[in-house]
Amino acid sequence: METLQYKIIKTETQYWDYCNRLEELVMQEANDDEVGEEIDLLTLLIEKWDEEHDTLGKSDPVEALKYLMAEHKLKSKDLAELLGVSKGFISEILSYKKGFSKENIWKLATHFKVKQELFNRPYKLISAVNLHLKNVSVMNTRKQLRSAH
């Protein structure tokens, strides 16, 4: 009887071991069918763990996006094409200078097959212009914001 190389993830250590192994395989860029199947299996096991343990839910939307981009080997230009925006806009999102629009949240959730809530939660912006804002959700409003002075 053949011993299984991978099993259902039961511990956080096992989870990180599988993540590291997946990263190694992806970086090899081999066009081997067996490697492709191993990548698919590890991805499935890792996604199951993520879903059950809300691994991505603990991070802010930008960190979650960076993680998903790395997992799917996407660059800023790929994301810009996906969302129909400029690379500069993606750079501003990734550096906490701009927030996600509702349309971008929907496109990202659909593309990565995750819940929209992952990208639709409050987080602080770093831009000096927006330091007075408590969270990114007001970035999409058209109302005149009054200063708290």
Side-chain angles (χ1 to χ4, degrees), residues 6-30 35-149:
Y6 299 106
K7 299 176 182 172
I8 301 291
I9 300 172
K10 299 206 189 257
T11 67
E12 193 167 339
T13 302
Q14 185 183 15
Y15 169 80
W16 288 112
D17 288 345
Y18 283 21
C19 287
N20 292 333
R21 177 64 182 147
L22 178 60
E23 186 175 354
E24 289 171 13
L25 291 171
V26 169
M27 292 302 179
Q28 285 180 8
E29 296 182 15
V35 172
E37 286 186 27
E38 190 173 350
I39 288 172
D40 290 344
L41 178 59
L42 282 169
T43 301
L44 185 68
L45 292 169
I46 290 167
E47 286 175 351
K48 181 177 179 355
W49 173 272
D50 286 339
E51 187 176 301
E52 290 175 358
H53 294 85
D54 197 24
T55 306
L56 292 175
K58 295 175 185 167
S59 58
D60 71 49
V62 175
E63 287 303 315
L65 179 58
K66 289 177 181 179
Y67 171 82
L68 290 167
M69 287 173 67
E71 285 294 306
H72 292 262
K73 297 191 294 186
L74 292 176
K75 297 181 179 168
S76 293
K77 71 176 185 104
D78 302 321
L79 205 56
E81 288 175 20
L82 172 75
L83 299 178
V85 298
S86 70
K87 288 191 298 185
F89 186 78
I90 297 300
S91 175
E92 289 180 325
I93 286 176
L94 295 176
S95 61
Y96 293 86
K97 292 180 181 175
K98 292 226 179 192
F100 296 97
S101 71
K102 290 178 183 178
E103 181 182 355
N104 289 339
I105 289 170
W106 179 81
K107 286 179 180 178
L108 289 168
T110 302
H111 179 78
F112 291 116
K113 297 176 179 66
V114 296
K115 294 177 183 173
Q116 291 184 30
E117 290 81 19
L118 180 63
F119 302 110
N120 195 24
R121 64 182 118 206
Y123 63 97
K124 292 198 182 248
L125 295 174
I126 295 174
S127 174
V129 174
N130 297 316
L131 281 176
H132 67 285
L133 301 176
K134 292 186 191 242
N135 64 54
V136 78
S137 62
V138 293
M139 289 295 295
N140 296 323
T141 186
R142 299 205 185 281
K143 291 181 184 175
Q144 182 68 28
L145 298 173
R146 283 187 254 154
S147 174
H149 305 283

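Computed from a predicted model, the values in this text were never measured in an experiment.
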Student check: side-chain heavy atoms of [X] and [Y] closer than 4.5 Å:
{"X": "His111", "Y": "Val114", "value": "no"}
{"X": "Leu118", "Y": "Phe112", "value": "no"}
{"X": "Met69", "Y": "Leu94", "value": "yes"}
{"X": "Phe100", "Y": "Leu65", "value": "yes"}
{"X": "Leu68", "Y": "Leu108", "value": "no"}

Minimal non-hydrogen separation, Gln14 against Ile9, with atom names: OE1-CA, 3.3 Å
Might you point out which heavy atoms bring Trp49 and Lys10 nearest each other, and give the distance in Å? CZ3-C, 3.8 Å
Does the Asn20 side chain pair with the main chain of Asp17, one donor and one acceptor, at a distance under 3.5 Å? no
Is there a donor-acceptor pair under 3.5 Å between the side chain of Lys98 and the backbone N or O of Glu92? no
Which value, rounded to the nearest 0.5 Å, describes the distance between [X] atom [atom1] and [Y] atom [atom2]?
{"X": "Leu42", "Y": "Glu24", "atom1": "CG", "atom2": "CD", "result": "10.0 Å"}
{"X": "Leu83", "Y": "Ile93", "atom1": "CG", "atom2": "CD1", "result": "6.5 Å"}
{"X": "Thr43", "Y": "Glu38", "atom1": "OG1", "atom2": "CD", "result": "10.5 Å"}
{"X": "Ser91", "Y": "Leu79", "atom1": "OG", "atom2": "CG", "result": "11.5 Å"}
{"X": "Glu81", "Y": "Lys75", "atom1": "CD", "atom2": "NZ", "result": "11.5 Å"}
{"X": "Leu82", "Y": "Thr110", "atom1": "CG", "atom2": "OG1", "result": "9.0 Å"}

Using the test side-chain contact (heavy atoms from CB on, under 4.5 Å), find all partners of [X] that sit at least two apart in sequence or belong to another chain.
{"X": "Glu71", "answer": "Leu22, Tyr67"}
{"X": "Leu41", "answer": "Tyr6, Leu45"}
{"X": "Gln116", "answer": "Ile105, Trp106, Ala109"}
{"X": "Glu117", "answer": "Lys115"}

Could you go through the side chain to side chain contact (heavy atoms under 4.5 Å, CB included) check for Val35 and Ile39 one step at a time? CA-CA 6 Å; Val35 172; Ile39 288 172; 4.0 Å; yes
For Asn120, side-chain hydrogen bond (donor to acceptor under 3.5 Å, both in side chains) partners two or more places apart: none
Quick one: list whatever passes side-chain hydrogen bond (donor to acceptor under 3.5 Å, both in side chains) with Lys48, sequence neighbours left out. Glu52
